[in-house]
Every structure is written in structure tokens, then in C-alpha cells.
Amino acid sequence: MRYQRPKGTADILPEESEKWHFVEETARLLFADYQYREIRTPLFENFEIFSRSAGDTSDVVTKEMYDFHDKGDRHVALRPEGTAGVVRAYVENKLYGPEHTKPYKAFYIGPMFRYERPQSGRQRQFHQIGVEAFGSDSPALDVEVIAMALAYFKQLGIDGLRVAVNSLGDTQSRADYRQALIDYLKPHYDELSADSQERLEKNPLRVLDSKEPEDQQFVADAPSILDYLTDEARSHFEQVKQLLDVLGIDYVVDPTMVRGLDYYNHTIFEVMVQSKALGHGYTTVCGGGRYSGLVKELGGPDDAGVGFAIGLERLMLLLADKGIEVPDGHQLDVYVVGIGDETNVETLKLVQAIRGFGFSANRDFLGRKPKAQFKSANKENASFVITIGQSELESRTAHFKSMVTSEEVSLPLDDLYTKFPEIYDKYIGE
RNA sequence: GCGGUAUUGGUGAAGUGGUUAACACACCGGUUUGUGGAUCCGGCACGCGUGGGUUCGAUCCCCACAUACCGCCCCA
């Protein structure tokens, strides 16, 4: 094999892409009900857009960024996630302006890139569906976003979901908690796993995420961030929980839940599901939260944002694992069989005429025999086969056969050209 | 970035240091010189991921590289 696709990329072939259309269209229809509109931003941005938003020390920036210098020596990067670019667009296009309704709601669907080691459901080019809403601090908006994510999964037929919520508080809350956590863990430094020792230096909150057994005992007794929330942050979180209750949304508060990207604060949430396809126990299929401060960080007003993102590769694995059938959009109404070279012209005209009526039609292009053409018709699941040979050409007729009932009639070609829909309707029911 | 496993035709795969690389599915053709989903017959890898090496000789042994999968880091 001379050429292979780049490491960590995939070809999504027609059969598969139809499933992708289904999940994408489902999202478009549902999000429209919530008045979120699609936004399309560039696949690459100035490197700084991502480094400023994600935090300079995050792994995404330090080792997973797909970045390069272009011919103009601009330092650019393929987007590792969707939020930063949308925020940049929000600021650059002044979508915070008075002529736009607040909150400004947008969603995106598209590829993201991270330079990492590929694994199942994790590729260098992967895809996300995400939503963002700017310009409101209302806890009701947090809840709307969570409710919309759940509605989406419900629409796709996925159940058995678990919603986990937490609050990272505001800047003050987070700083206080960070110190408290360090104070708590420091004395146990030698007992922590090597990984967590490193985390303690770089990003203490991540110790809470540790899977190492030796860390679990400390995580269990660690101080909770919820005890360090400022009054304002606490009030916000309480309202979120209350509104979730009002909507009858079941959730669990998980004080150990954290985020890899630095820009999150206040409410963060994950939608989790149990599926062998994604790993053991509950795994996350959707993550989101608030990110007050990011808009300002990228040069805009001090507008808050809230949103979520769903990884499509993982979602596709989940749908497959749950045995959820995607509606089959591929169907063939008519296959036109032509016998002999002299029927070539008529066959072409006929498929075009049928297509002109809005039906799907196909024919042979390899000069194969009737039997082989019927095989193709069968394989493509054609409802009807129209056969034209020398004798039909002479009599200006065609054989019209139902592939379901195997019944075949002879019809005038003119009828097929002028009133195909009526003919289709007449025989499709039988 | 680190570790493990793997890589044979369109697909699933068997196989051995040495003459023609099983079998099955799919596909193509024939049986039916104009009709599908059935039967039977036939065809279908100048080649065993790529590049080197060992050897009289390698798909099979060794090395490097590429890619995939699993685990770690990370992410969710």
C-alpha cells in the first residue's frame, strides 16, 4: 500500500456517513427548538486563541496542539476544541452588540484536532457537536443547556443516563479551595502515586480525578470545593440544583469532578452512560459548564458563557452498542434494465425522466446482461425494475416489474414519461 | 511521549524457512444467447504492511519504520 491516511484519522464511508447525518440532523432540529443557531468558524486559528483560553500549562496546549507556522510565519493551530473559536467569533463580530438578542445562542458541528496517541473513540481528527450561550449569568441558562443535552440523547434513543454536576465557584472560591487542597495533600505527599505527586505541583484539582487506588483514600476524605464557594457562587449553584429539580431532572452532585481546561468556573456538568463500548462503569458522553471570563480574556466584554460538547466518535460507538437503528435513507425506487447497446439512449432518458419526477433511479453502465442487472437491482433494493429491449423499443413499451410481488406488466413508454408518479402509486401499494 | 499485541486477496481468515499460499463470503462469468433473491460449474493473491539484514533460499528468523488495537500520560 503506497498511501495510508494520516495517523489518527478515519475515512467515513457512505454507509457510516448516513449515520452521521442522522445524529447531526437530529441535533440541528432539536437545537433549533431551543433557538440555538449554527455557527461555522475556521478549523484553524491563531495559536494564541487556544493557548490563552485553555491555559498555558494545560496538556492540550503543551503537547496535544496540532500547531505549525504557515508560509507567512504565522503561528497557527488546528482547533483542539470548539469553544475558543466561537468565543473569538463572538468578540470579533461584536455579537454582544445591542442588536443581538441575549443570550446569544449558537451551536457548532465539526472536526477538532489533537496530537495524541489514537485509541478507540479517540483520534487526532475527531468531531464534536457543541453549544454555547453568551451574555447571561442566569442559573436557568445553565439548566436549559443541561436539559437540551439530555433531550438530545433522548431523541437519539439513548437512556440510562446519569447527570453529574459540580461547581468550581468563582475565581476567589477556586483559589481558596486550591490552597486548602494543597494544605491537605502536602502531608501525604510521599503516599501519593507518582502521577498525583506531579499533579499536586501543576494542577492539584486533578488529583481528585486520579484512578490510582493509593490515591483514593485521600480523595475520599479531601476537602470539598463546595465548602469553599463564596456566597454568590453558592447561591448560583443552589439555584441550578433547584431548577433541575423543578424540571424533574435526576442528577448527582460530584464534588470531585474537575475540568481539564482552565477556563471553566461555576457550574460544570457531565452526562454519563454505562456502556461497554466506552469503558467500564459510567463514562462521559457530554461535558460542559460555565466559563465566565473567557470572553473577556479574548478581548471582549465581561460576558459569561455556558455550553457543552459531545464527542461524535464516542456517540457513534454508543449508538452501535445500544443497538440503536439509524433510519435508512438509502432507497431505490426504480432500476432500469436495458438489453443491448441500442437501448442505451432510451435507458438514459428514462432514468433522467424518473429522477425528474423526484424519484430515485439507477441503471447499468457496464454493458452487463439482464441477469446481472437484475442482481444489481435486487442488491440496491429497488422497488421496481423497468426493462427495455429491442422489441420494447419497437413497440414503444416497457416491462414494469414489482420486485416485491414479482408481477410484471407492459406499459406504454409515453405513460412512463408523462405520468410516472401515478403509475408508481398504483403499483407500490400492491 | 512510554509499554504490550497485531499487520496474508474486496472481506473473514488457514498456513509453512524451500516446488501450484488452504477454506469461506463477496464479486465476475456460465448453467438459462431477455429477468433478481435458489442449485451446480468455473474465474478471482506475479503475492503474504514498507525497507533492510541473516540464509543456497523467507510470507514464515532478526532489525528499523509505518499503521491499527489495548494500557499509561492526558482528556472526557
Side-chain angles (χ1 to χ4, degrees), chain A residues 1-11 13 54 57-65 80-81 112 114-124 126 128 130 164 193-199 202-203 206 209-212 254 257-262 264 268-273 278-289 308-315 317-318 332 335-340 342-343 364 366-393 398-408 410:
Chain A
M1 244 174 301
R2 197 78 192 87
Y3 296 108
Q4 306 178 292
R5 60 182 179 261
K7 187 187 185 84
T9 63
D11 297 315
L13 305 178
T57 60
S58 69
D59 268 54
V60 170
V61 172
T62 56
K63 68 177 203 184
E64 290 180 3
M65 198 82 91
E81 50 92 32
M112 309 291 162
R114 286 185 198 177
Y115 194 88
E116 63 179 348
R117 195 71 178 257
Q119 277 176 45
S120 169
R122 299 178 60 178
Q123 295 180 303
R124 290 187 171 181
F126 59 104
Q128 289 187 332
S193 67
D195 288 333
S196 285
Q197 289 178 356
E198 195 175 328
R199 292 190 185 105
K202 282 166 46 182
N203 189 350
R206 290 224 68 87
D209 236 8
S210 175
K211 288 176 286 252
E212 301 298 329
D254 179 1
M257 184 165 69
V258 297
R259 274 288 110 94
L261 301 175
D262 287 353
Y264 285 101
I268 59 172
F269 68 91
E270 291 182 5
V271 179
M272 311 174 89
V273 67
L278 303 182
H280 301 297
Y282 277 95
T283 53
T284 304
V285 289
C286 169
F308 67 72
I310 295 170
L312 285 183
E313 278 76 6
R314 289 170 64 81
L315 182 58
L317 287 175
L318 181 60
L332 182 61
Y335 191 101
V336 178
V337 169
I339 303 166
E342 61 275 22
T343 63
D364 172 74
L366 301 176
R368 293 183 305 153
K369 300 187 170 177
K371 179 187 172 74
Q373 294 189 46
F374 265 84
K375 272 190 161 181
S376 294
N378 198 231
K379 194 174 177 185
E380 294 178 41
N381 224 332
S383 300
F384 299 104
V385 169
I386 296 175
T387 306
I388 302 173
Q390 187 63 52
S391 58
E392 285 81 4
L393 276 183
H399 283 203
F400 186 87
K401 178 175 184 176
S402 164
M403 292 300 273
V404 179
T405 65
S406 290
E407 282 178 42
E408 189 166 9
S410 179

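As the structure is a prediction and not an experimental result, all values here were calculated from the model. Chain identifiers are assigned alphabetically (A, B, ...) following the order of the sequence lines, protein sequences preceding nucleic acid strands; residue numbering begins at 1 within each chain.
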J.: What's the gap between B/A76 and B/G4 when it is taken at their C1' atoms, as a whole Å value?
T.: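 These two C1' atoms come out 24 Å apart once rounded.
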
J.: Once hydrogens and angles are ignored, does a donor-acceptor distance under 3.5 Å link the base of B/G34 to the side chain of A/Ser391?
T.: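 Yes, a donor-acceptor pair under 3.5 Å.
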
J.: Tabulate protein N/O versus nucleotide N/O from nucleotides 66-69 of chain B, keeping only pairs under 3.5 Å, one per line.
T.:
residue: B/A66; atom: O2'; partner: A/Gln4; partner atom: OE1; Å: 2.7
residue: B/A68; atom: OP1; partner: A/Gly8; partner atom: N; Å: 2.7

J.: Could you tell me how far apart A/Glu270 (CD) and B/A76 (P) are, to the nearest whole angstrom?
T.: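 Atom CD in A/Glu270 sits about 8 Å away from atom P in B/A76.
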
J.: Quick one: does A/Tyr115's side chain get under 4.5 Å of A/Pro80's, heavy atoms only?
T.: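 No, their side chains stay 4.5 Å or more apart.
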
J.: Using the P atom as the point on both nucleotides, what is the distance between B/C40 and B/G47, in whole Å?
T.: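 Pairwise P distance, B/G47 against B/C40, rounds to 33 Å.
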
J.: Out of B/U35, B/G36, B/A76, which has the shortest distance to the side chain of A/Lys375?
T.: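 Among B/U35, B/G36, B/A76, the one nearest the side chain of A/Lys375 is B/G36.
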
J.: Using every non-hydrogen atom in the two residues, find where A/Val337 and A/Pro370 come nearest and quote the distance to one decimal.
T.: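 Minimum heavy-atom separation between A/Val337 and A/Pro370: CG1-CA, 4.2 Å.
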
J.: Closest to the A/Arg114 side chain: B/U35, B/C75, B/C74?
T.: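 Selected nucleotide: B/C75.
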
J.: When we call it a touch if two heavy atoms are under 4.0 Å apart, what does A/Ala309 touch: a base, just sugar-phosphate, or nothing?
T.: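 Here A/Ala309 touches no strand at all.
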
J.: Does any part of the side chain of A/Thr283, heavy atoms only, come nearer than 4.5 Å to the side chain of A/Arg314, both counted from C-beta?
T.: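 They are in contact (side-chain heavy atoms under 4.5 Å apart), so the answer is yes.
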
J.: Using the P atom as the reference point in each nucleotide, state the distance between B/U5 and B/A64 in Å, no decimals.
T.: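 Looking at atom P only, B/U5 and B/A64 are 13 Å apart.
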
J.: Under 4.0 Å between any heavy atoms, over every strand shown, what does A/Glu392 touch: base, sugar-phosphate, or nothing? Just pick one.
T.: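 It contacts base atoms.
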
J.: Could you give the CE-to-P distance, from A/Met65 to B/C74, as a whole number of Å?
T.: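 Answer to the nearest Å: 18 Å.
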
J.: Just by distance, do the side chain of A/Arg114 and the backbone of A/Met65 share a donor-acceptor pair under 3.5 Å?
T.: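 Side chain of A/Arg114 to backbone of A/Met65: no pair is present.
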
J.: Evaluate the side-chain contact (heavy atoms from CB on, under 4.5 Å) criterion for residues A/Met403 and A/Asn378: first the C-alpha distance (whole Å), next the side-chain angles of each, then the deciding distance (0.1 Å), finally the verdict.
T.: CA-CA 8 Å; A/Met403 292 300 273; A/Asn378 198 231; 4.1 Å; yes

J.: At their closest point, which heavy atom of A/Met272 faces which heavy atom of A/Ala164, and how far apart are they?
T.: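 In this case the closest contact between A/Met272 and A/Ala164 is SD-CB, 4.2 Å.
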
J.: Taking donor-acceptor contacts at under 3.5 Å, does the side chain of A/Ser406 reach the base of B/G37?
T.: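 Donor-acceptor pair under 3.5 Å: yes.
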
J.: Check every strand shown and say whether A/Gly287 touches a base, only sugar-phosphate, or nothing at a heavy-atom separation below 4.0 Å.
T.: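 Sugar-phosphate: the residue A/Gly287, judged by heavy atoms under 4.0 Å, touches backbone atoms but no base.
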
J.: A/Asn378 CG to B/U35 C1': how many Å, rounded?
T.: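 A/Asn378 atom CG is separated from B/U35 atom C1' by 11 Å.
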
J.: Give me the atom names and distance for the closest heavy-atom approach of A/Glu270 to A/Thr284.
T.: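 For A/Glu270 versus A/Thr284, the nearest heavy atoms are OE1-OG1, 2.7 Å.
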
J.: N/O contacts under 3.5 Å, protein versus nucleotides 63-65 of chain B?
T.:
none

J.: Of all heavy-atom pairs between A/Gln128 and A/Glu81, which one has the smallest distance, and what is that distance?
T.: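 Here A/Gln128 and A/Glu81 meet closest at OE1-CA, 4.1 Å.
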
J.: Is there a donor-acceptor contact under 3.5 Å from the side chain of A/Gln373 to the main chain of A/Gly338?
T.: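 Yes: the side chain of A/Gln373 pairs with the backbone of A/Gly338.
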
J.: Between P on B/U11 and CG on A/Leu13, what's the gap in Å once rounded to a whole number?
T.: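 Computing the A/Leu13:CG to B/U11:P distance gives 12 Å.
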
J.: What pair of heavy atoms forms the shortest contact from A/Glu408 to A/Thr387, and how long is it?
T.: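 Minimum heavy-atom contact is OE2-OG1, 4.4 Å.
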
J.: In whole angstroms, how far is the P atom of B/C75 from the OH atom of A/Tyr264?
T.: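 Distance, rounded to whole Å: 12 Å.
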
J.: Tell me the interatomic distance from A/Ile339, atom CD1, to B/G34, atom C1', rounded to whole angstroms.
T.: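 Rounded to whole Å, this separation is 4 Å.
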
J.: Could you run through RNA chain B and flag its stems, i.e. three or more consecutive Watson-Crick or G-U pairs with both distances under 3.5 Å?
T.: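 For RNA chain B the paired stretches long enough to count as stems (3 pairs minimum) are B:1-7 with B:66-72, B:10-12 with B:23-25, B:27-30 with B:40-43, B:49-53 with B:61-65.
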
J.: With sugar-phosphate meaning primed atoms plus P, OP1 and OP2, does A/Glu408 contact a base, only sugar-phosphate, or nothing at under 4.0 Å between heavy atoms?
T.: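 Result for A/Glu408 = base.
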
J.: Mind checking whether A/Asp364 and A/Tyr335 have side chains closer than 4.5 Å, heavy atoms only?
T.: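 A/Asp364 reaches A/Tyr335 side chain to side chain.
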
J.: Can you check the distance between B/C74 and B/C61, where both ends of the measurement are the C1' atom (answer in whole Å)?
T.: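 It comes out at 38 Å once rounded to the nearest Å.
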
J.: When rounded to the nearest 0.5 angstrom, what distance separates CZ in A/Arg124 from CZ in A/Arg5?
T.: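 Rounded to the nearest 0.5 Å, the CZ-CZ separation comes to 13.0 Å.
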
J.: Round to the nearest Å and state the distance from A/Glu116 atom CD to B/A76 atom P.
T.: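 Rounded to whole Å, this separation is 11 Å.
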
J.: Using the C1' atoms only, state how far B/C25 lies from B/C44, rounded to an integer number of Å.
T.: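 13 Å, rounded to whole Å.
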
J.: Please report the distance separating the P of B/G10 from the corresponding atom of B/C46, rounded so that it comes out in whole Å.
T.: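 Pairwise P distance, B/G10 against B/C46, rounds to 9 Å.
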
J.: Without decimals, in angstroms, what is the distance between A/Arg368 CZ and B/G34 P?
T.: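 The answer, rounded to whole Å, is 15 Å.
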
J.: Let me know, please, whether A/Lys379 or A/Tyr115 comes out on the 5' side of the other along RNA chain B by nearest nucleotide.
T.: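 Counting from the 5' end, the first nearest nucleotide belongs to A/Tyr115.
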
J.: In whole angstrom, give me the gap between the C1' atoms of B/A38 and B/G49.
T.: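 About 40 Å, rounded to a whole number of Å.
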
J.: Rounding to the closest angstrom, what is the interatomic distance between B/A66 and B/C41 at atom P?
T.: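 B/A66 and B/C41 have their P atoms separated by 48 Å.
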
J.: Do you know the tightest heavy-atom contact between A/Thr9 and A/Pro6?
T.: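 Looks like OG1-O, 2.6 Å.
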
J.: Which residue, A/Arg314 or A/Lys371, contacts RNA chain B at a nucleotide closer to its 5' end, judged by nearest heavy atom?
T.: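 Result of the comparison: A/Lys371.
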
J.: Would you call A/Val285 and A/Leu315 a side-chain contact if the rule is heavy atoms closer than 4.5 Å?
T.: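 The answer is no, as the side chains (C-beta and beyond) never meet within the 4.5 Å cut-off.
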
